[in-house]
Amino acid sequence: MSETAENGPWLVAGLGNPGPGYAGNRHNVGFMVADLLAQRIGARFAVHRSRAMVAEGRLGPPGPDSRRIVLAKPMSYMNLSGGPVNAVCGYQKIPLERVVVIHDELDIDYGVLRLKRGGGDNGHNGLKSLTSTIGRDYYRVRFGVGRPPGRMEVSDYVLKDFSSTERKELDYFVDRAADAVEALITDGLERAQSTFNS
């Protein structure tokens, strides 16, 4: 992929809702992955004028092959994620083809990952906001959370914390999702898909 050969930065946006009350929710798995990526690159999130928490660093070994990444966690609540992400893109001059979004996905079993570029929003309010603001051709790292049980409303389900059973494997799955983001940026979509799309 030609864009991985360029030296410009990548934006990795983890979707979620701000505040400690939401921190463990299924809807906040994008924040969890972004936090882990920040740890890996030795960066700290700071308040940015874009209404996002932003951290910057480099992926890969030092040298010309390393990739500069900007991590963003919109602080606008999920259904208004597009504005802050668009603002970070504008401030950092990051084109749509170097934007990666990490989000929860109801139509995939818990812990399963799917990487793709473009597509619809599938009823996800964060993606709906992003697509209406920046366009649809961004990369997605879709983290499966499964469907709600019984007659539980989708909104109630995604705004609940992961279950005690799910939490036993959550760190492993978040770690794997962070690996998938790194692979997407350094190796390109097709190679990352062949490794992580189970």
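Worth knowing before you read on, the calculation uses all heavy atoms, side chains too, and leaves out hydrogens, waters and symmetry mates. Heads up: numbering here begins at 1 and tracks the sequence.
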Check your understanding: Aromatic rings F162 and Y110: how do their planes relate, parallel, tilted or perpendicular, breaks at 30° and 60°?
Key ->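 Judged by the thresholds at 30° and 60°, the geometry between F162 and Y110 is tilted.
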
Does [X] make a cation-pi contact with [Y], if we ask for NZ or CZ under 6.0 Å from the ring centre and within 45° of the axis?
X	Y	result
R140	Y138	yes
K116	Y139	no
R49	Y91	no

Rounded to the nearest 0.5 Å, what's the gap from [atom1] on [X] to [atom2] on [Y]? Could you check?
X	Y	atom1	atom2	value
L106	N122	CG	CG	7.5 Å
N197	R142	CG	CZ	8.5 Å
D137	T131	CG	OG1	9.0 Å
L127	H124	CG	NE2	5.0 Å
M75	S50	CE	OG	10.0 Å
I102	L184	CD1	CG	10.0 Å

**Study point:** Stepwise side-chain contact (heavy atoms from CB on, under 4.5 Å) check, L15 with L130
**Key:** CA-CA 10 Å; L15 299 190; L130 278 164; 3.9 Å; yes

Are [X] and [Y] close enough for a salt bridge, meaning some N to O gap below 4.0 Å?
X	Y	answer
E105	R114	no
R26	E166	yes
K73	D35	yes
R147	D107	yes

Check your understanding: Taking it one step at a time, do R176 and L113 satisfy side-chain contact (heavy atoms from CB on, under 4.5 Å)?
Key -> CA-CA 9 Å; R176 194 162 182 271; L113 298 175; 3.8 Å; yes

Point to revise | side-chain contact (heavy atoms from CB on, under 4.5 Å) assessment of L37 paired with V181 | key: CA-CA 9 Å; L37 286 165; V181 172; 3.9 Å; yes

Exercise for review: Measure centre to centre between the rings of F31 and Y22, then say whether the value is under 6.0 Å.
Suggested key: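 So the answer is no for these two rings.
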
Practice item. Please lay out, stage by stage, how V101 and V85 fare under the test side-chain contact (heavy atoms from CB on, under 4.5 Å). Key: CA-CA 10 Å; V101 175; V85 171; 5.7 Å; no

Review point. Crowded around R191 CZ? As in, over 12 foreign heavy atoms under 6.0 Å?
Key: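 For R191, atom CZ is not crowded (no more than 12 foreign heavy atoms under 6.0 Å).
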
Point to revise | Heavy-atom side-chain contact between R40 and E182 under 4.5 Å | key: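 Sidechains of E182 and R40: in contact.
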
Exercise for review: May I ask you to test the V12-V33 pair for a side-chain heavy-atom distance under 4.5 Å?
Suggested key: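 No, every pair of side-chain atoms sits at 4.5 Å or beyond.
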
